[in-house]
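The sequence lines fix the lettering, A, B, ..., with proteins before strands; numbering per chain opens at 1.
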Amino acid sequence: MAEFLTPQHEDFSKWYTEIVQKADLADYSPVRGCMVIKPYGYTLWERIHEELDRRFKDTGHVNAYFPLFIPESFLHKEAEHVEGFSPELAVVTIGGGNQLEEPLVVRPTSETIIGHMYAKWVQSYRDLPLLINQWANVVRWEMRTRLFLRTTEFLWQEGHTAHATRQEAIDETLQMLNVYTDFAVNEAAIPVIPGRKSESEKFAGAVTSYTIEAMMKDGKALQSGTSHFLGQNFAKAFDIKFLDENNEQQFAWTTSWGVSTRMVGAVVMTHGDDQGLVLPPRLAPIQVVIVPIWRKDDQRTEVMEAANKLYARLKGFVRVKLDDREGVSPGWKYNDWEMRGVPLRIELGPRDIEKQSVMLARRDIPGREGKTIVPMANLEETIPEMLATIQASILQKAQDYRDANIQDVTTYAEFKAAIEQGFARVWWAGSREDEARIKDETKATIRCIPLEQPGGKGRCIYTGQEATEVAIFGKAY
RNA sequence: CGGGGCAUAGCGCAGUUUGGUAGCGCGCACGGUUCGGGUCCGUGAGGUCUGCGGUUCAAAUCCGCAUGCCCCGACCA
């Protein structure tokens, strides 16, 4: 068999670039660092969008839309925020042929303009909490870009909430982290580690940042969603004030949280194999593909009739596609749909029709072992069951892989070895500077301080001081 | 921004060293053959060789400048 795809073990990075394009997820655009999300990739994003949006609504949030352009001065109102984002801003200076009085930045994120609006909208504690999300594009002028993982323009959702009390805002921040974790595990089948960001890794302007960190198949970490407790930083910068029950002026407490099209990259790099994508059934644009098989013309009529009937039947309860392309062999189609990561394939030929059965092939188990013959009568039960099995199975596989590549280490030598293949979990009491030195020496950073802690005390891996928490280090995307 | 590589048909490349009618594979179109794991045969369409300037009888090829993209490093969802 010819090589259609660079094997993962040979060059994971190349594998990724190739599969994203070959599976029709995205293509490069004429503008450097930007991508075109193709229909198949966009449908996957739509599935992510739907599942997240459902969870946001369930937790009391509503959607709105804020403008793409932000007055440049807004960015300057929060000191850390401007420092963090200045290097990567795209700025519009000309409009309608005239130099603008004040340049407009293309939003890199919307805390500032939303802060400005919230200040207008919030007068009383009765106006709180404000629980708004927006689905939008944002622009960050990145040095190096990669399809889905880091592009100049990307799609995301950003939730922005304002609360009357500190505790309520903290609860919101953690609630949304839980929502992300739930989504990642139960929809994307990605076993993420929820945790807190270190000082140097936190969002520009946040008091505390939380993250869900995932391990990709090359052992590197991908930050797949973030939730920030912003304290009163933005409230003070934008004057979001309200009168409380005692008729006293208070600053609001705000949060923000986001998941981006990077999630698509996470799905690709968590489950994909040398055959191509492996999509979790719950997110897959196509869950089942029917490949008809015939030899002679009379068989063709018979098979296509049966295939069309089957398609009409399945359409009611799964996302199904009938591959009726002519001129390509069934074997070619198998490979083609495997590359696109379709979880389940139905092979339907004369032999099956005769026996009133179909051949079911699982994407997550390659070759003959993944094939079973099932009676056509039970497909309403068999297919959803099989999809659920696949979903559970790829989650388990990803979790086993991750667990096998997280090591608890106590010496710096072990640490260095551990981060060559995955994550290192260590006792940590170091400073921002210690973290920077480790990054220089090993390229690894604190991915997160997991919410789930072992308790007790230990010796800090770097400083040798007494430490009360463990941190997870890894090389990051 | 530093280092490296590349730019020739939709895609992947050869041709550039040594200047002389622009080629191969895949894909695409048409016809036939095939179809239970990437069929086979035939016919055909498709190129201002990234751009600008120079050398020359003659430039994809030599020289200069520019631009774009990819990979590796510092910043980042």
Side-chain angles (χ1 to χ4, degrees), chain A residues 1-5 11 13-14 16-18 21-22 27-34 83-89 108-109 136-158 180 197 200-204 206 209-214 221-228 256-266 275-276 291-297 299-300 303 323 325-339 345-354 358-359 361 366-368 370-371 373 436 439-440 443 445 476-477:
Chain A
M1 191 178 92
E3 291 285 321
F4 292 91
L5 195 59
D11 187 342
S13 178
K14 197 169 174 194
Y16 178 81
T17 308
E18 285 178 8
Q21 289 174 86
K22 288 189 176 180
D27 201 354
Y28 289 101
S29 86
V31 180
R32 186 195 134 74
C34 293
E83 196 188 324
F85 282 104
S86 284
E88 50 189 54
L89 293 180
T109 177
N137 58 336
V138 288
V139 167
R140 298 180 185 177
W141 219 261
E142 300 288 354
M143 307 282 183
R144 276 187 62 207
T145 57
R146 303 198 57 199
L147 295 174
F148 290 110
L149 301 179
R150 182 174 305 108
T151 46
T152 299
E153 179 190 10
F154 58 92
L155 305 182
W156 76 346
Q157 62 62 220
E158 45 178 329
Y180 288 159
K197 278 290 177 192
S200 51
E201 292 277 326
K202 75 175 192 193
F203 176 74
S209 285
Y210 297 89
T211 175
I212 48 171
E213 291 288 324
L222 188 71
Q223 180 175 314
S224 308
T226 49
S227 186
H228 312 290
S256 67
W257 27 274
V259 159
S260 73
T261 36
R262 174 181 270 188
M263 185 58 84
V264 174
Q275 262 37 262
V291 178
I293 296 153
W294 67 81
R295 196 181 286 275
K296 301 183 219 83
D297 266 353
Q299 287 180 334
R300 180 188 149 175
V303 169
D323 187 353
R325 283 179 292 180
E326 302 198 6
V328 280
S329 70
W332 195 93
K333 290 177 180 176
Y334 298 168
N335 286 284
D336 194 45
W337 292 111
E338 281 171 7
M339 187 181 73
R345 180 179 66 239
I346 294 179
E347 303 171 12
L348 180 68
R351 296 207 294 256
D352 303 293
I353 293 170
E354 201 183 314
V358 297
M359 182 73 90
R368 291 206 180 281
K371 291 195 184 190
I373 296 171
K439 189 178 179 186
D440 282 346
K443 300 203 191 333
T445 51
Y477 267 94

Student: For a salt bridge (charged side-chain N to carboxylate O under 4.0 Å, His left out) check, start with the C-alpha distance between A/Lys439 and A/Glu201, then their side-chain angles and the critical distance, and finish with the verdict.
Tutor: CA-CA 12 Å; A/Lys439 189 178 179 186; A/Glu201 292 277 326; 5.2 Å; no
Student: State the pairing partner of B/rG12; accept Watson-Crick or G-U wobble contacts with both distances under 3.5 Å, and report none otherwise.
Tutor: B/rC24
Student: Report which part of the nucleic acid A/Arg345 touches: base, sugar-phosphate, or nothing (heavy-atom distance under 4.0 Å, all strands).
Tutor: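 It contacts base atoms.
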Student: Grab the two heavy atoms, one from A/Tyr16 and one from A/Phe148, that are nearest each other, plus how far apart they are.
Tutor: OH-CB, 3.4 Å
Student: For the atom pair OG1 (A/Thr261) and CG (A/Leu147), what is the distance rounded to the nearest 0.5 Å?
Tutor: 10.5 Å
Student: Between B/rG36, B/rC75, B/rC71, which nucleotide gets closest to the side-chain atoms of A/Pro350?
Tutor: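 Minimum distance to the A/Pro350 side chain belongs to B/rG36.
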Student: Can you tell me which nucleotide in B/rU39, B/rC35, B/rC75 comes closest to the side chain of A/Pro330?
Tutor: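 For the A/Pro330 side chain, the nearest candidate turns out to be B/rC35.
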Student: Of the options B/rC76, B/rG37, B/rC35, whose atoms approach the side-chain atoms of A/Trp294 most closely?
Tutor: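 Minimum distance to the A/Trp294 side chain belongs to B/rC35.
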Student: For B/rA9 versus B/rG15, give the span between their C1' atoms, rounded off to a whole number of Å.
Tutor: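 The answer is 15 Å between these two C1' atoms.
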Student: Can you check the distance between B/rC11 and B/rC49, where both ends of the measurement are the P atom (answer in whole Å)?
Tutor: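 One P to the other, the span is 16 Å.
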Student: Which value, in whole Å, describes the distance between the C1' atoms of nucleotides B/rU17 and B/rU61?
Tutor: 10 Å
Student: Rounding to the closest angstrom, what is the interatomic distance between B/rA45 and B/rC52 at atom C1'?
Tutor: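 Going atom to atom, C1' in each nucleotide, I get 32 Å.
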Student: Mind checking A/Leu222 for me? I need base, sugar-phosphate or nothing, with any heavy atom below 4.0 Å counting as a touch.
Tutor: nothing
Student: On a whole-Å scale, what distance lies between the C1' atoms belonging to B/rA58 and B/rG19?
Tutor: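 It works out to 8 Å between them.
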Student: Across the strands shown, which category fits A/Thr151 at heavy-atom distances under 4.0 angstrom: base, sugar-phosphate, nothing?
Tutor: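 The residue A/Thr151 makes base contact.
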Student: Taking all heavy atoms of A/Met359 and all of A/Asp352, pick out the closest pair and write down the distance.
Tutor: N-OD1, 3.8 Å
Student: Let's test this: given Watson-Crick or G-U wobble pairing with both distances under 3.5 Å, identify the partner of B/rA74.
Tutor: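 Answer to the pairing question: none, since B/rA74 forms no Watson-Crick or G-U pair.
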Student: In whole Å, measure the gap between the P atoms of B/rG47 and B/rG10 for me.
Tutor: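 Roughly 8 Å separates the two P atoms.
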Student: Mind checking A/Trp156 for me? I need base, sugar-phosphate or nothing, with any heavy atom below 4.0 Å counting as a touch.
Tutor: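 A/Trp156: no heavy atom of the nucleic acid under 4.0 Å.
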Student: Which comes earlier along RNA chain B counting from the 5' end, the contact point of A/Phe148 or that of A/Gly33, where each point is its nearest nucleotide?
Tutor: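 This one resolves to A/Gly33.
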Student: Does B/rG68 have a Watson-Crick or wobble partner in any strand here, with both distances under 3.5 angstrom, and which is it?
Tutor: B/rC6
Student: Go through B/rC71, B/rC76, B/rA77 for me and flag the one nearest to the A/Thr17 side chain.
Tutor: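 The closest nucleotide is B/rC71.
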Student: Please measure how far the C1' atom in B/rA22 lies from the corresponding atom in B/rG46, and state the result in whole Å.
Tutor: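 Comparing C1' positions in B/rA22 and B/rG46 gives a spacing of 13 Å.
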Student: Students often get this wrong, so: under 4.0 angstrom with heavy atoms, is A/Arg300 touching a base, only sugar-phosphate, or nothing?
Tutor: nothing
Student: Check whether the ring centres of A/Phe85 and A/Phe203 lie less than 6.0 Å apart, and answer yes or no.
Tutor: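 Between A/Phe85 and A/Phe203, the centre distance is under 6.0 Å.
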Student: With heavy atoms under 4.0 Å as the rule, sort A/Met359 into base, sugar-phosphate or nothing.
Tutor: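 If one applies the 4.0 Å heavy-atom cut-off, A/Met359 turns out to touch a base.
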Student: Considering only side-chain heavy atoms of A/Ser329, which listed nucleotide, B/rA77, B/rU39, B/rG37, is closest?
Tutor: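 Within the option list, the nearest is B/rU39.
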Student: How far apart are the C-alpha atoms of A/Tyr334 and A/Arg345, what are their side-chain angles, what is the distance that settles it, and do they pass the side-chain contact (heavy atoms from CB on, under 4.5 Å) test?
Tutor: CA-CA 8 Å; A/Tyr334 298 168; A/Arg345 180 179 66 239; 3.3 Å; yes
Student: What contact category does A/Gly258 fall into here, base, sugar-phosphate, or nothing, at under 4.0 angstrom with non-hydrogen atoms?
Tutor: nothing
Student: Mind checking who B/rG42 pairs with, Watson-Crick or G-U wobble, both distances under 3.5 Å?
Tutor: B/rC30
Student: Give a yes/no answer on whether the side chain of A/Arg295 brings an N or O atom under 4.0 Å of OP1 or OP2 in B/rC35.
Tutor: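 Yes, such a contact exists.
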Student: Quick one: is B/rA77 close enough that its OP1 or OP2 comes under 4.0 Å of any side-chain N or O from A/Thr226?
Tutor: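 Indeed not, no polar side-chain atom of A/Thr226 lies that close.
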Student: Decide yes or no, distance alone: a donor-acceptor N/O pair under 3.5 angstrom between the base of B/rG37 and the side-chain of A/Lys371.
Tutor: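 Check passes, donor-acceptor contact within cut-off.
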Student: Return the CZ to CH2 distance between A/Arg325 and A/Trp332, rounded to the nearest 0.5 Å.
Tutor: 5.0 Å
Student: Measuring only the P atom in each nucleotide, how far is B/rG64 from B/rU18? A whole number of Å is fine.
Tutor: 15 Å
Student: Could you tell me which nucleotide pairs with B/rG53 by Watson-Crick or G-U wobble geometry, both distances under 3.5 Å, or answer none if nothing does?
Tutor: B/rC63
Student: Which nucleotide, B/rA77, B/rG37, B/rC76, lies nearest any side-chain atom of A/Asn335?
Tutor: B/rG37
Student: Relative to the 5' end of RNA chain B, which residue comes earlier, A/Lys443 or A/Ile353, by the nucleotide with the nearest heavy atom?
Tutor: A/Ile353
Student: Just compare B/rG38, B/rC76, B/rG36 and give me whichever is closest to any side-chain atom of A/Ile293.
Tutor: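 Selected nucleotide: B/rG36.
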Student: Return the value, rounded to whole Å, for the distance between atom CD of A/Gln299 and atom C1' of B/rC35.
Tutor: 10 Å
Student: Send over the distance from A/Gln21 CD to B/rG27 P, rounded to a whole Å.
Tutor: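 Atom-to-atom, A/Gln21 to B/rG27, this comes out as 18 Å.
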Student: Identify which nucleotide among B/rG37, B/rU39, B/rC75 has an atom closest to any side-chain atom of A/Glu88, counting heavy atoms from C-beta outward.
Tutor: B/rC75
Student: How close do A/Leu348 and A/Ile353 get, heavy atom to heavy atom, and via which atoms?
Tutor: CD1-CG1, 4.1 Å
Student: With sugar-phosphate meaning primed atoms plus P, OP1 and OP2, does A/Phe154 contact a base, only sugar-phosphate, or nothing at under 4.0 Å between heavy atoms?
Tutor: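 Contact class for A/Phe154: base.
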Student: Check whether any side-chain nitrogen or oxygen of A/Lys197 sits under 4.0 Å from OP1 or OP2 of B/rA77, and answer yes or no.
Tutor: no
